[in-house]
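Have a look at the structure below, then the notes.
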Amino acid sequence: MPASSVHKDATFSQKLIQWYHRHHRDLPWRQTTDPYKIWLSEIILQQTRVVQGMPYYLRFVEKYPTVQDLARADEQDVLRLWQGLGYYSRARNMHYTARQVVGEFGGKFPDSYSGLLKLKGVGEYTAAAIASFAFNEAVPAVDGNVYRVLARIFGIKTDIMHSSAKREFTAAAQRLIPADDPATFNQAMIEFGAIQCQPVAPDCLLCPFNESCYAFENGMQSFLPVKSKKAKARNRYLNYLVLEKGGLIAMKERIKKDVWKGLYDFPIIETLQEAQAPEDLAGEGGLESLMMAGRLIVPDKTYVHLLSHQKLHVKFWQIKVEDMGTNVLPDGVSFYNEDQIDALPKPILIDTFIKEQFFS
DNA sequence: GAACCGTGGAC
DNA sequence: TGTCCAAGGTT
């Protein structure tokens with residue numbers, strides 16, 4: 001590498017870290033080098049805004065102060081504490097990893113990027129983040145913020161959705177990272193992307209790099225980074241059979257490979273189109289006999305619930321049961337009282353419906 | 001490589 | 001209102 005490049009890269013990291021010291025937010029996971037807490041914060045913050053993840057981080061640290069505490073917990077309680085954050089496999093993987101760290105590693109997290117990368121739920125970004133923040137390893141932590149900063153300042157036009165992008169952007173960051181303080185550099189890149197080099201309408205007049213930024217000089221802020229479109233969400237039509245008997249409600253854990261795995265909802269009939277009458281649900285899984293177990297209340301509204309890849313159109317068919325008689329609940333379905341239901345992890349949609357309908 | 005996996009906020 | 005996005009990872 002020519003000497004001029006070395007000089008230029010050092011200048012970049014120095015200016016960036018200068019900016020960081022002046023502008024960074026005071027966030028709780030930056031007050032520690034405990035790999036457990038850093039890991040916890042990184043898992044929570046995956047695809048999640050700081051304002052949304054913050055209360056969850058504080059609750060998790062409060063309830064599970066150490067990895068041993070988390071390992072001892074039931075997965076269901078971990079999912080319940082995670083309720084509302086989404087991408088629930090993060091919580092299940094986190095719990096699995098806590099048990100592995102305690103059971104196989106004597107309660108100590110791997111102290112290197114390559115070791116951390118082996119953990120379930122820890123990919124290249126998260127491994128680099130923990131390795132640098134907790135152990136000062138000089139590996140670049142390249143997240144969405146870093147893609148944006150690098151693409152704009154250096155004019156990198158590779159589609160960040162393309163498979164080659166990760167290698168290219170990681171190499172670019174690796175060239176910039178200072179050996180003497182990789183942790184602050186990584187924090188600074190991420191923080192700079194989050195609060196100065198924002199996705200939409202960044203205020204470039206305040207930016208310390210506005211005299212050398214490719215995007216600013218060429219008016220390309222809104223076009224960089226290049227990101228190809230995502231596929232449109234598919235429509236799904238869900239019909240829940242909500243059996244209520246003497247203040248108890250029948251619920252079931254979602255165990256299939258599908259959305260909300262590990263969470264609880266009701267017996268469900270999925271249809272290809274929106275069901276308008278009880279007859280539309282016949283022959284769709286053998287649950288229709290449940291609708292005869294009591295007095296049926298036909299839903300008067302459809303909930304539309306958006307997921308990242310699905311648009312759910314959901315109807316709740318309530319069945320007021322006096323006596324199940326010869327009707328039996330399907331496998332895995334049980335009646336729960338209010339306190340039990342409160343303790344179960346549930347999708348936000350289900351939690352909202354229950355609160356509206358029963359326990360408001 | 002592309003699809004999948006949640007939720008809430010900003011525009 | 002619909003779209004995009006947010007400290008990604010797994011299959």
Side-chain angles (χ1 to χ4, degrees), chain A residues 24-25 27-30 37-57 79 82-94 96-97 116-133 140-149 159-167 169-170 173 183 186-195 197-202 222 225 227-234 236 254 256-263 265 303-312 314 345-352:
Chain A
H24 74 86
R25 294 165 294 181
L27 303 172
W29 45 86
R30 290 187 178 143
K37 288 181 181 167
I38 291 170
W39 166 71
L40 195 57
S41 73
E42 290 302 334
I43 302 298
I44 286 174
L45 291 172
Q46 284 169 6
Q47 295 291 284
T48 304
R49 287 186 167 79
V50 166
V51 288
Q52 190 185 3
M54 177 78 76
Y56 287 85
Y57 173 81
L79 279 169
W82 195 272
Q83 178 176 304
L85 251 196
Y87 288 148
Y88 296 94
S89 67
R90 290 185 291 170
R92 289 186 281 108
N93 288 336
M94 201 172 76
Y96 177 94
T97 294
L116 289 159
L117 194 54
K118 295 193 175 81
L119 302 177
K120 198 174 282 192
V122 175
E124 292 175 19
Y125 161 75
T126 304
I130 302 170
S132 62
F133 300 159
V142 181
D143 73 337
N145 292 303
V146 177
Y147 277 122
R148 188 167 56 253
V149 171
D159 183 348
I160 63 171
M161 302 299 281
H162 193 272
S163 60
S164 66
K166 190 184 283 189
R167 264 195 315 280
F169 282 85
T170 301
N186 281 339
Q187 289 279 17
M189 285 288 279
I190 293 165
E191 188 74 343
F192 183 80
I195 68 181
C197 196
Q198 306 150 357
V200 179
S222 59
K227 188 176 185 180
S228 54
K229 300 289 182 192
K230 290 177 289 190
K232 219 183 91 176
R234 71 179 168 110
R236 290 178 76 178
R254 295 180 63 87
K256 290 189 305 193
K257 187 182 158 180
D258 195 354
V259 294
W260 298 330
K261 186 176 176 200
L263 277 60
D265 60 2
Y303 291 75
V304 176
H305 189 80
L306 298 172
L307 309 179
S308 51
H309 281 71
Q310 298 180 23
K311 183 173 183 176
L312 305 180
V314 181
K346 301 168 291 296
I348 284 297
L349 171 71
I350 301 300
D351 192 66
T352 300

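We name chains A, B, ... by the order of the sequence lines, and we start the count at 1 in each one.
Here the closest non-hydrogen pair linking A/Val259 and A/Arg254 is O-NE, 2.8 Å. Listed here is the closest heavy atom pair of A/Ser132 and A/Ala183: O-CB, 3.3 Å. Here the closest heavy-atom approach between residue A/Pro140 and residue A/Ala173 is recorded as CB-CB, 3.5 Å.
Toward the 5' end of DNA chain B, the nearer of the two residues A/Tyr87 and A/Val200, judged by each one's closest nucleotide, is A/Tyr87. Remark on DNA chain B: of its neighbouring residues A/Ser89 and A/Met161, the 5'-side contact belongs to A/Met161, judged by nearest-heavy-atom nucleotide. Nucleotides of DNA chain C nearest to A/Leu117 and A/Val50 differ in position, and the one nearer the 5' end is that of A/Val50.
Taking atom C1' in both C/dA6 and B/dC5, one finds a spacing of 15 Å when rounded to whole Å. On the P atoms, C/dT1 is 27 Å away from B/dG6, given to the nearest whole Å. One P atom belongs to B/dC11, the other to C/dA7, and the distance between them is 15 Å to the nearest Å. Nucleotides B/dG8 and C/dG9 are separated by 23 Å at their P atoms, to the nearest Å.
Listed by residue number, A/Lys120, A/Gly121, A/Val122, A/Gly123, A/Glu124, A/Tyr125, A/Thr126 are the residues of residues 120-129 of chain A with a heavy-atom contact under 4.0 Å to DNA chain C.
At a threshold of 4.0 angstrom between heavy atoms, the contacts of A/Trp82 with the nucleic acid are absent. As judged by a 4.0 angstrom heavy-atom cut-off over every strand, A/Ile44 is placed among residues making no nucleic acid contact. In this structure, A/Leu263 reaches neither bases nor backbone, as no heavy-atom distance under 4.0 Å exists between it and the strands shown. Residue contacts shown for A/Ser308 include a base, since a base heavy atom lies under 4.0 Å away. Contacts of A/Leu307 with the nucleic acid, taken as non-hydrogen atoms under 4.0 Å apart, include base atoms. At a threshold of 4.0 angstrom between heavy atoms, the contacts of A/Leu85 include nucleobase atoms, whether or not backbone atoms are also involved. Base engagement by A/Arg30 is indicated by at least one non-hydrogen atom pair under 4.0 Å involving a base atom.
With A/Asp159 contributing its side chain and A/Ser228 its backbone, the two residues share a donor-acceptor pair below 3.5 Å. Under the 3.5 Å distance criterion, the side-chain polar atoms of A/Ser41 are matched with a main-chain donor or acceptor of A/Ile38. When atom types are taken as modelled, the side chain of A/Glu191 and the backbone of A/Arg25 share a donor-acceptor pair closer than 3.5 angstrom. A donor-acceptor pair under 3.5 Å links the side-chain atoms of A/Tyr56 to the main chain of A/Gln83, judged by distance alone. Formation of a donor-acceptor pair under 3.5 Å by the A/Arg148 side chain with backbone atoms of A/Cys197 is found in this model.
When DNA chain C is scanned 5' to 3' for any atom under 4.0 Å from a heavy atom of chain A, the first and last hits are C/dC4 to C/dT11.
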Pair A/Val122-A/Trp39, side chain to side chain contact (heavy atoms under 4.5 Å, CB included): steps then yes or no
CA-CA 9 Å; A/Val122 175; A/Trp39 166 71; 3.9 Å; yes
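Contact between the side-chain N/O atoms of A/His305 and the OP1/OP2 oxygens of B/dT7 is found at a separation under 4.0 Å. OP1 or OP2 of B/dC5 sits under 4.0 Å from a side-chain N or O of A/Gln310. The phosphate of B/dC4 (OP1 or OP2) has no side-chain N or O of A/Trp260 nearer than 4.0 angstrom.
Distance A/Gln46 CD to B/dC4 C1': 15 Å, rounded to the nearest Å. The CD1-P distance, from A/Ile350 to B/dG6, rounds to 13 Å in whole Å. When rounded to the nearest whole Å, the span between OH of A/Tyr303 and C1' of B/dT7 equals 17 Å. Whole-Å rounding puts the A/Asp351 CG to B/dG6 C1' distance at 14 Å. Rounded to an integer number of Å, the gap from A/Gln52 CD to B/dG9 P is 7 Å.
Note: A/Glu42 CD to A/Thr126 OG1 = 6.0 Å, rounded to the nearest 0.5 Å.
Side-chain contact check for A/Gln46 and A/Arg90: no donor-acceptor pair (N or O, by modelled atom type) lies under 3.5 Å.
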